[in-house]
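Step one of this worksheet: look at the structure below.
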Amino acid sequence: MPELPEVETIVRGLAKVIVGQKIISLKTTALKGDKIIIEDIKTSSNLPSIVGGVKKKFISAVIGSTIKGINRRGKSIIIELSGGHSLIVHLKMTGQLIYTDSSDKVIKHTHLIFNLSDGKELRYVDVRRFGYIKIFPSENIFLEHPLDTLGHEPIEIKIGELRELLSNHKIRMKSFLLNQSFMSGIGNIYADEILHRSHMHPLKISSNLSGKETAKLHKMIKEVLREAIEHRGSTIRDYVTSTGEAGDFQKMHRVYNKEGKPCRCCQGKIIKIRAGGRSTFFCPACQPIDDK
DNA sequence: GCACATGTTGGTAA
DNA sequence: GTTACCAACATGTG
């Protein structure tokens, strides 16, 4: 679920509270029937499966280190630690990073708990366990996967750079926006919302965009992402901010998950198709293909 | 039981 | 080489 606006919201929230803090200890959970048992991580014997990268270094590099910074690249979170290592966190579908009181109830699917020097905790929760926390040396961190494959930041991309990407490929626009090596951070929800505001059909071929269409798309990419960040992201199911609150931007969605509903521009019906292997919502009346 | 789900990757086919 | 499609990852929801 988390796309660029959600990850940005989490990073901004955490930056205010975890930078400068020392990581005192690590914990994980185990299930005994219905009971959640909290376990200390002291050796790699109970390191949760969501930990990756240079795993042998994880415990010694993390415990006792100080958090120097937290940043975002695409949908990845980079946490820089003192001592020369950094963590790459990817939330994938259902991952959550929550800063909370240590007295708050530890919920099911909490895989990693960082005990911080202010007495609070940073918890990684992930129902489906597709996400991960990987550790690498900070030097050359941007050469580590997946950071090495990421394209432009969509909020910063110049129109000339976008035009070049579009014309160099003959790919459906939905797939274009989802491809993280072109631009990194746009996922299924924002791809549909950007295409609708650009009045562009999701199956339109990238190399066929006119100059005017390219300019509109460029503007809408930034507009949608900026508004979504202002609303602290879209909560459909699992996403919460670093304080466990829901975002607001789902209320502003114009097409995502609105099959059969009237389009706010033309009152036509929004339809759902499959594109790029994903559910794709759009208004056929005001998002024409126009390919001649 | 069945279909489907917000992300990414890797294999295969065209 | 490029693009499209599907399965896989593990679990939950309707």
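Note on naming: letters A, B, ... go to the chains in the order of the sequence lines (proteins, then strands), and numbering restarts at 1 for each one.
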Task: Protein-nucleotide distance (A:N188, atom CG; B:dG7, atom C1'), rounded to Å - done: 10 Å
- [ ] Check whether any side-chain N or O of A:H169 sits under 4.0 Å from OP1 or OP2 of C:dT3, and answer yes or no.
- [x] yes
TODO: Take atom CG of A:D126 and atom C1' of C:dC9, then tell me their distance rounded to the nearest Å.
DONE: 11 Å
Open item on the list: Under 4.0 Å, heavy atoms only, any strand: does A:K272 hit a base, just the sugar-phosphate, or nothing?
Closed with: sugar-phosphate
Open item on the list: C:dC5, OP1 or OP2 - any side-chain N/O from A:R172 closer than 4.0 Å?
Closed with: yes
Task: Short side-chain N/O contact to B:dT8 OP1/OP2 from A:H145, under 4.0 Å - done: no
- [ ] Flag as yes if A:F130 stacks onto the base of C:dC9 (centroids under 5.5 Å, planes under 30°), otherwise no.
- [x] yes
Open item on the list: Can you confirm whether the side chains of A:H253 and A:S234 place a donor and an acceptor under 3.5 Å from each other?
Closed with: yes
TODO: Please determine if a side-chain N or O atom of A:H90 lies less than 4.0 Å away from the OP1 or OP2 oxygen of B:dG7.
DONE: no
TODO: In whole angstrom, give the distance that lies between atom CZ of A:R129 and atom P of B:dT9.
DONE: 20 Å
- [ ] Examine B:dG7: is either OP1 or OP2 under 4.0 Å from a nitrogen or oxygen in the side chain of A:K75? Give yes or no.
- [x] yes
Open item on the list: OP1 or OP2 of B:dA5 versus the side-chain N and O atoms of A:S279: is any pair under 4.0 Å?
Closed with: yes
TODO: Measure from CG on A:L31 to P on C:dT11 and round the result to the nearest Å.
DONE: 10 Å
Open item on the list: Measuring only the C1' atom in each nucleotide, how far is C:dC9 from B:dG1? A whole number of Å is fine.
Closed with: 22 Å
TODO: Using the P atom on both, measure C:dC6 against B:dC4 and round to a whole Å.
DONE: 12 Å
Open item on the list: For the P atoms, the ones on C:dG1 and on B:dT8, what distance do you get once it is rounded to whole angstrom?
Closed with: 25 Å
- [ ] Could you tell me the separation between the OG1 atom of A:T9 and the CD atom of A:E6, rounded to the nearest 0.5 Å?
- [x] 6.5 Å
Open item on the list: Any strand counts, and the cut-off is 3.5 Å on both contacts for Watson-Crick or G-U wobble. Which nucleotide pairs with B:dA14?
Closed with: C:dT2
Open item on the list: Quick check: on DNA chain B, is the nucleotide nearest A:Q180 upstream (toward 5') of the one nearest A:R274, or the reverse? Name the residue that is more 5'.
Closed with: A:R274
Task: A:K170 side chain to A:N208 side chain, donor-acceptor N/O pair below 3.5 angstrom - done: no
- [ ] Rounded off to whole Å, could you give me the CD1-to-P distance for the A:I107 and C:dT11 pair?
- [x] 15 Å
Task: Separation of B:dT8 P from A:I77 CD1 (nearest whole Å) - done: 12 Å
Open item on the list: Just so I know, are the side chains of A:H109 and A:T29 near enough to count as touching, which here means a heavy-atom distance under 4.5 Å?
Closed with: no
- [ ] Specify the separation, in whole Å, of atom CD1 of A:I205 and atom P of C:dT2.
- [x] 16 Å
Open item on the list: Could you tell me if the side chain of A:T149 sits less than 4.5 Å from the side chain of A:Q180, heavy atoms only?
Closed with: no
TODO: State whether A:K92 places a side-chain N or O below 4.0 Å from either non-bridging phosphate oxygen (OP1 or OP2) of B:dT9.
DONE: no
TODO: Classify the nucleic acid contact of A:G277 as base, sugar-phosphate or nothing, counting any heavy atom under 4.0 Å across all strands shown.
DONE: nothing
Open item on the list: If the threshold is 4.0 Å, N to carboxylate O, is there a salt bridge linking A:K134 and A:E144?
Closed with: no
Open item on the list: Please determine whether a side-chain nitrogen or oxygen atom of A:H109 lies at a distance below 4.0 Å from atom OP1 or OP2 of C:dG12.
Closed with: yes
- [ ] Figure out the OH/P separation between A:Y256 and B:dA5, and round it to whole Å.
- [x] 7 Å
